[in-house]
Amino acid sequence: MTVNSGAAPTGREGGDNLLAVEDLHVYYGNIAAVKGVSLHVKQGEIVTLIGSNGAGKSTTLRTISGLLRPKKGTLTYDGQNLATMRGDKIVGAGICHSPEGRRIFPRMTVEENLDLGAFLRNDKAEIAADKERVLELFPRLRERITQKAGTMSGGEQQMLAVARALMGQPKLLLLDEPSMGLAPVLVDLIFDTIKTIRDQGTTVLLVEQNALAALRVADYAYVLESGALKLTGPARELAKNDEVVSAYLGG
Amino acid sequence: MSQTAIEAAEARPSLAVGALLERGTGYLLLLAVAAFAVWHLVATPAAFFTTLVVGINQGALYALIALGYTLVYGIIELINFSHGDLFMLASVLSGFLMVSAFGATAATTGAFLALIATLVLAMIFGAALNTTAERVAYRRLRRAPKLAPLITAVGLSFVYQWGGIKSNGSGQRNWDTILGSSGFTVLNVKVPWSMIVVTAVTVPLLLGLNWVIQKTRQGKAMRATAQDQDAARLMGIDVDRTISLTFALGGAMAGAAGLLYLQTFGTTRYDAGFQLGLIAFTAAVLGGIGNLNGAVLGGVLIGLVQALNDRFGLGVAYSQTVVFTILILLMVFKPEGILGKPTTEKV
Amino acid sequence: MATTTAAPGTAAAAAKAHTTNRKWAVGLLIAVVVIFLLYSQILPNAPADVQTFFRRWLSVSAVNEAVLWVVFALGLNIVVGYAGLLDLGYVAFWAIGGYVAGWIMSPFASSMYSSWGGLKVSILGRPPDIEGLDTGIHVNFWLVLPIAGLFCALWGLIIGAPTLRLKSDYLALVTLGFGEIIPQILRNGERIGPNGVFNLSNGDKGISPVDPIPTWPISYIPGVPDELALKASDLPYKFLVYCLLAALTIFVSLRIREGRLGRAWLAIREDELAASMMGVPLMRTKLSAYAVGAFAGGLGGVAFATHVGGVFASRFDFAISITLLAMVVLGGMGNVWGVTVGALALAWINSTGLEQVGQQINSSFGTDIDFPSYQFLLFGLILILMMLFRREGLLPETRTRQVLQEPERGELESVGADLEGEPK
């Protein structure tokens, strides 16, 4: 696999993709935010979408999780077409989204937030086990389990957002800028945790502005600019690519 | 850029003096009201306690109606203008059911059974009508500028009032009630039996509502949706259905209030909803809009204030003036009410 | 520099607006002349059944009232239509204007305070010729108009001031509160103060009569009565007076719209945050909207008092505020001509149309439906259906359509902050 430009075929199109997005166009009113983006995520991978502010990364994620509807294009997940599915059904199918800006429920405690992550689930024992697992991943949350989420720091809220998404037992975890506003030490922690999450069996689609950290942890990367694909390729290759280095890696 | 935004959004006097003045005047006002109450308590205790009883009775009704306002506002930030008129329609319906259909006009066991049946029917009616209104009128306007659903709500209020005129006439209609104005006396204070009924219905309803909101899955969904609609969606919550449920609960509360109003006062008027609705809304704001306990607290407080005014203050003729003045003062100085949290103005 | 929210568009758009305005103005002017001639010259000499027809379907009294509704509707249009402030208590200004006339244009003032019995003030006024009724304060109608206007403008400031920091829904409630409080005080205002010595408004009884409208110097034209009271032959001339007021309101509405204040109002309506960041002084601009709108209400209130021959507190209720809102919504928020037509149409429907059409239908189909009782339903549905299907009004102006159709700014931001500009 090599680095490709723009919308050139990546060789990942066929067969066994967990998520296949083809020629996605998303509009806000009359403004095109995503113009013909295609991406593919295979089971067990960490795939990352990087690009500068306003490139359309969050929009793409929001369309996958059903918060937005595409004007054109298909989103196939596990054989189902996401574009016609209701948001709650998408969650039920195993896609959990930790959104940009965290969006935790401020007046609820950490525990209540986590419980809401498991809203659609009925398996009490499993849920309890998952809660344990999640608190192992984020011990800070265990300390604050009865605290109102709105009173926590930005970093803690970010952890809560990811933990909450994990409570849905996702097959595909969508993470939107999990390192935003975090101290460098916490950034490392978060990305290590992402690796652990993947190792535990969850596929991850990661949107990040912190291209360096994202490329270090991902398997495959898509670079978005102005709503369209600029470059695609294995993360390691992209990290060495001159354009990427100069544009996003401060090189 | 963000600095200007904050300055623009918070036109509040940033001077410490200004804030202090506001706070000081507020406390002064409260002190004055308290002093007023205490004076009358001491001067004419029997009258005072009777007034208290009336106030709590009214307050319970206001609390039930206020809950409807606060539930809807909490979840979609809309003042459901037509809510008070929904209550009025429920009271008219209750009148027809109790008197015309069941003939329950005296305190017999049959009459009490009819009361329970009517209560259920009135609550179903309230829930159904409110949910339908949401589906038909408000849902389409969820993303529209705030003016649009507001105007729609006003229009709906008028349509309901027309329904009131058609079914109840343009004047007041009197109905025989189960308990009439009979009551018992305790220490020179007359306690009407209807108040016992009102309390007996309201308290379980409030407890039940609280249980639904706090302990059930749908209740959690409602609270989550009220705090962050998008995040709620991401949890797999069906936001549309949750909003419908909220309207249903609010409408049911108004339905119950309608029946209780009928049994307490024995009258129905097409414009009773408009008047009481605004008072109930003031109660919701007083307690803290969006806060359920606040609605109850506000309801009782407003009921007391109104009763005090009607008996000892400017009199019934100025009842609305007093309550609306409270509303205006609240909006200007303390829009978050007693139990609410101060929010920055959303411009 | 100035962006789309500051200026109403290109020179071409302005020119087009000018021709439209001119067409409407000319059209309405012709209509006024025709109607005046109809009622003053033609009808009195027409055969009886023609006279009956008009009396039933288009009585001069109904026409006069419709014109007055235009004045109020245009006043509300400034607050709601231009500045986007949902004022649900506009009826308060109608009432205040009327009571100003009641205080300084009638014998009432001499009974306001027990020791004022002999009060007799006249400023170019027209006190009644009857002994005993010439007490009180009698100011010339034409002077009372601006006085009432200014007094109402003051009240506009008072009512508007608490709402300045509020969101649209709270704002609506506060104005509604005032719209209830003020009439309630007036309805009970017979005995105010210690021992109830002060009679503010004569309570439910209202104040009646009010002085006639002096027509000097037009009275020099033969055939013109030198004052307009309640005689049938006075009515066509009152029509002219009311049309004059309506024309003034239309003119001011159109002119202000093009000036800086008008553009500031539209900017606020569209997006308060953006407007303030561009230097629009929010408080002052909002207050001016209330004040100007209220001024119109004052004019209308005085005129209405001369129309019905008095001021009656029981008339002033929430339904009036809603009717006015329906007129503004129907005509198109901000569209002066649309609101004018909407006001005329709805006023006519209210006073005549419902009843007469109802009678026709009932007699043709043998039904027995009480059509006037459908008034609330009609106005409620107008508000709902217009909001659901045609928010910009029946005769929209392009700006309103843009403002009301596009998703709210807040909405856009919540959905995705990474909005993209045009491709480079």
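These numbers come from a predicted model, not from an experiment. So that the names make sense, note that chain A is the first sequence line, chain B the second, and so on, each numbered from 1.
For the pair C/Gly177 and B/Phe324, the tightest heavy-atom approach, listed with the atom from each and the gap, is O-CD1, 4.0 Å.
Taking OH of C/Tyr170 as the start and CD1 of B/Ile328 as the end, the distance is 14.5 Å to the nearest 0.5 Å. Atoms CE and CG, from C/Met333 and B/Leu147 in turn, are 5.0 Å apart once rounded to the nearest 0.5 Å. Residue C/Leu173 holds its CG atom at 7.0 Å from OG1 of B/Thr282, rounded to the nearest 0.5 Å. Taken to the nearest 0.5 Å, the CD1 atom of B/Ile165 stands 10.0 Å off from the CG atom of C/Leu377. Rounding to the nearest 0.5 Å places NZ of C/Lys167 at 9.5 Å from CE of B/Met331. B/Leu150 CG to C/Leu171 CG: the interatomic distance, rounded to the nearest 0.5 Å, is 9.5 Å.
Looking at C/Glu180 and B/Gln320, their side chains never bring a donor and an acceptor atom within 3.5 Å of each other.
Contacts between C/Ala319 and chain B at a heavy-atom distance below 4.5 Å involve backbone atoms as well as side-chain atoms. In this structure, chain C has a heavy atom under 4.5 Å from the side chain of B/Tyr270, while its backbone stays farther away. Only the backbone of B/Val136 comes within less than 4.5 Å of a heavy atom of chain C; no side-chain atom from C-beta onward does. In this structure, chain C has a heavy atom under 4.5 Å from the side chain of B/Leu278, while its backbone stays farther away. Using a 4.5 Å cut-off between heavy atoms, B/Leu329 makes no contact with chain C at all.
A distance-only check finds a donor-acceptor pair linking the side chain of B/Trp162 to the backbone of C/Ser373 [under 3.5 Å].
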Margin query: Before you tell me yes or no, could you show the steps for B/Tyr138 and C/Leu388 under side chain to side chain contact (heavy atoms under 4.5 Å, CB included), namely the whole-Å CA-CA distance, both residues' side-chain angles and the distance that decides it to 0.1 Å?
Written below: CA-CA 9 Å; B/Tyr138 297 141; C/Leu388 284 179; over 6 Å; no
Item checked: Residue pair B/Val154, C/Phe379: steps toward the side chain to side chain contact (heavy atoms under 4.5 Å, CB included) verdict -> CA-CA 10 Å; B/Val154 174; C/Phe379 285 92; over 6 Å; no
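In this structure, C/Phe376 has its ring center closer than 6.0 angstrom to the ring center of B/Phe158.
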